[in-house]
Engineer: 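Have a look at the structure that comes next, please.
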Amino acid sequence: MSNKKTRYFVAIMGAILAVGLGTGLVASYMGLPVSVFTSAAGPDELQYVPADAAVVAYANVREVMNSEFRQRFKSFEPTQNEKNEFEEKTGLNLEQDVDSVVAAVMPKDGMANNPAGSFLILARARYQASRLEALAVEHGAQVTEYQGKRIITAHETNAAGDSIHEDMAFGFIESDLVAFGSLGSVKASIDAHATNRNIVSNNDMMKLVNEIDNANAWAVGKFDAIAAKAGLPNEIASALPAITWFSAAGHINGGVSGSFKAEAKDEATAKNLRDLMGGFVAMAKMQAGNKPGMQQLADSLVISGEGNTVALAFSIPSEVLDVIEGLAKGRHPAQIQQ
């Protein structure tokens with residue numbers, strides 16, 4: 001498949017996922033700010049995440065799309081004509097049809113050169129599978145079956161006809177759930193559910209998931225597992241803090257609140273991190289002054305933790321969002337309070 005066709009293929013599914021998020025979800029990918037789960041074990045989609053995943057993130061897209069936060073910045077979304085064109089082609093209404101997204105990263109050798117091959121995205125929405133399949137095939141994709149699930153694959157080659165990297169694919173694993181990533185990742189997702197060897201069986205990861213409360217997006221992960229496979233230059237790798245596990249969670253509605261927690265390899269590393277974060281918080285409070293909303297934001301920053309743990313809680317009040325919204329619309333901060 002040509003580069004152009006592959007980009008179109010990725011755009012079809014990427015729009016379902018990325019645009020669906022982008023029209024209301026301010027995402028920080030592995031540190032997103034989760035609604036109350038249907039069970040203590042997390043969303044059902046976790047049964048499709050392979051047990052060796054080093055990072056898992058979740059976003060309740062429906063809740064965020066309906067939030068006051070999203071309404072503030074709705075004018076910066078794609079135009080209604082663009083949304084209508086997308087819906088006409090795919091049968092998917094981004095305003096109403098996308099419910100949630102789970103993302104996972106599986107550490108693999110060579111992931112620095114092919115990061116897409118390590119990612120898996122699970123998107124729950126109301127799909128018109130036959131329509132999406134026909135559109136993908138029209139632009140050069142191939143349709144196969146794996147374990148009874150239909151998989152649509154894009155194969156990209158260079159001028160000599162050689163494969164450029166691992167094929168990208170999306171599979172209809174449930175009537176309202178699509179898995180998107182490399183072909184290997186999509187197959188691994190199907191196998192994880194079929195064999196019950198999924199992230200739900202990973203007690204360390206699930207402990208972090210179960211600690212999350214009152215959030216509509218979150219991320220948990222094993223930091224050192226990703227760092228070891230990322231292929232970072234030695235000077236960067238050596239400068240990274242020695243963190244083992246982390247979790248990040250938050251709640252988006254009228255404002256944004258959340259927390260970040262990490263476990264360092266030892267108490268000395270954790271203390272250094274707390275001291276470093278304390279310095280940044282002190283600087284933030286010093287620079288906040290009487291700026292609208294900034295003093296409330298600075299005051300909301302709370303550092304905690306003991307032993308080899310460190311945590312930071314924050315809250316972005318509506319006053320700060322007033323400032324951001326005003327700047328985005330070209331108004332001077334002094335005009336926003338008028």
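None of these values were measured; they are calculated from a predicted model. Counting from 1, the numbers follow the sequence of the chain as shown.
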Engineer: Could you walk me through whether Val220 and Ile212 satisfy the side chain to side chain contact (heavy atoms under 4.5 Å, CB included) test, starting with their C-alpha distance in whole Å, then the side-chain angles of each, then the deciding distance to 0.1 Å, before giving a yes or no?
Structural biologist: CA-CA 9 Å; Val220 300; Ile212 294 170; 3.8 Å; yes
Engineer: What heavy-atom pair brings Ala123 and Val101 nearest, and what distance separates the two atoms?
Structural biologist: CB-CG2, 4.3 Å
Engineer: Within this structure, what is the CG-CG distance for the pair Leu122 and Leu177, rounded to the nearest 0.5 Å?
Structural biologist: 5.5 Å
Engineer: State yes or no: do Phe172 and Val137 share one hydrophobic cluster built from I, L, V, M, F, W and Y residues joined by side-chain heavy-atom distances below 4.5 Å, directly or via other members?
Structural biologist: yes
Engineer: With side chain to side chain contact (heavy atoms under 4.5 Å, CB included) as the test, would you mind laying out the steps for Phe246 and Leu208 before giving the verdict?
Structural biologist: CA-CA 8 Å; Phe246 76 90; Leu208 296 174; over 6 Å; no
Engineer: Atom CD in Gln147, atom OG in Ser189: separation rounded to 0.5 Å?
Structural biologist: 12.0 Å
Engineer: Side chains of Val178 and Leu132, heavy atoms from C-beta outward: is any pair under 4.5 Å?
Structural biologist: no
Engineer: Can you find a heavy atom in the side chain of Thr309 that is under 4.5 Å from one in the side chain of Lys261?
Structural biologist: no
Engineer: Quick one: closest heavy-atom pair of Ala284 and Leu301, and the distance?
Structural biologist: CB-CD1, 4.3 Å
Engineer: So which heavy atom on Ile152 is nearest to which on Ala141, and how close?
Structural biologist: CG2-CB, 3.6 Å
Engineer: Do you know which two heavy atoms are closest between Glu45 and Val102, and how far apart they sit?
Structural biologist: CB-CG2, 3.8 Å
Engineer: Which heavy-atom pair separates Ala104 from Val49 by the least distance, and what is that distance?
Structural biologist: CB-CG1, 3.8 Å
Engineer: Do Met286 and Met283 touch side chain to side chain, with heavy atoms closer than 4.5 Å?
Structural biologist: no
Engineer: To the nearest 0.5 Å, what is the distance between CZ (Phe119) and CE (Met106)?
Structural biologist: 9.0 Å
Engineer: Rounded at 0.5 Å granularity, tell me how far CG in Asn272 sits from CE in Met277.
Structural biologist: 12.5 Å
Engineer: Any heavy-atom pair between the side chains of Tyr58 and Ser100 that's under 4.5 Å?
Structural biologist: yes
Engineer: Taking atom CZ of Arg62 as the centre, does the number of heavy atoms from other residues, nucleotides or ligands within less than 6.0 Å exceed 12?
Structural biologist: yes
Engineer: Going from CG on Asn198 to NE2 on His193, what distance comes out if it is rounded to the nearest 0.5 angstrom?
Structural biologist: 8.0 Å
Engineer: Are Val281 and Ile303 side-chain neighbours, meaning at least one heavy-atom pair lies under 4.5 Å?
Structural biologist: yes
Engineer: Could you pull out the closest heavy-atom pair between Ala179 and Leu120, with the gap in Å?
Structural biologist: CB-CD1, 4.1 Å
Engineer: Do side-chain atoms of Ser315 reach the backbone of Ser257 as a donor and acceptor pair under 3.5 angstrom?
Structural biologist: no
Engineer: So, are Arg126 and Asp99 salt-bridged, with charged N and O less than 4.0 Å apart?
Structural biologist: yes
Engineer: Between NZ of Lys187 and CD1 of Ile151, what distance do you get to the nearest 0.5 Å?
Structural biologist: 6.0 Å
Engineer: Decide yes or no for Leu273 and Ile243: does some side-chain heavy atom of the first lie under 4.5 Å from some side-chain heavy atom of the second?
Structural biologist: yes
Engineer: Do the non-hydrogen side-chain atoms of Pro43 and Leu46 ever get within less than 4.5 Å of each other?
Structural biologist: yes
Engineer: I'd like to know if the side chain of Thr195 reaches the main chain of Asp191, judged simply by a donor and an acceptor atom lying under 3.5 Å from each other, with no hydrogens or angles considered.
Structural biologist: yes
Engineer: Checking side chain to side chain contact (heavy atoms under 4.5 Å, CB included) for the pair His251/Glu63: CA distance, chi angles, key distance, verdict?
Structural biologist: CA-CA 10 Å; His251 187 82; Glu63 190 171 294; 3.3 Å; yes
Engineer: Taking the side chain as C-beta and beyond, is there a heavy-atom pair between Thr269 and Asn308 under 4.5 Å?
Structural biologist: no
Engineer: Do Glu211 and Ser247 have side-chain N/O donor and acceptor atoms under 3.5 Å apart?
Structural biologist: no
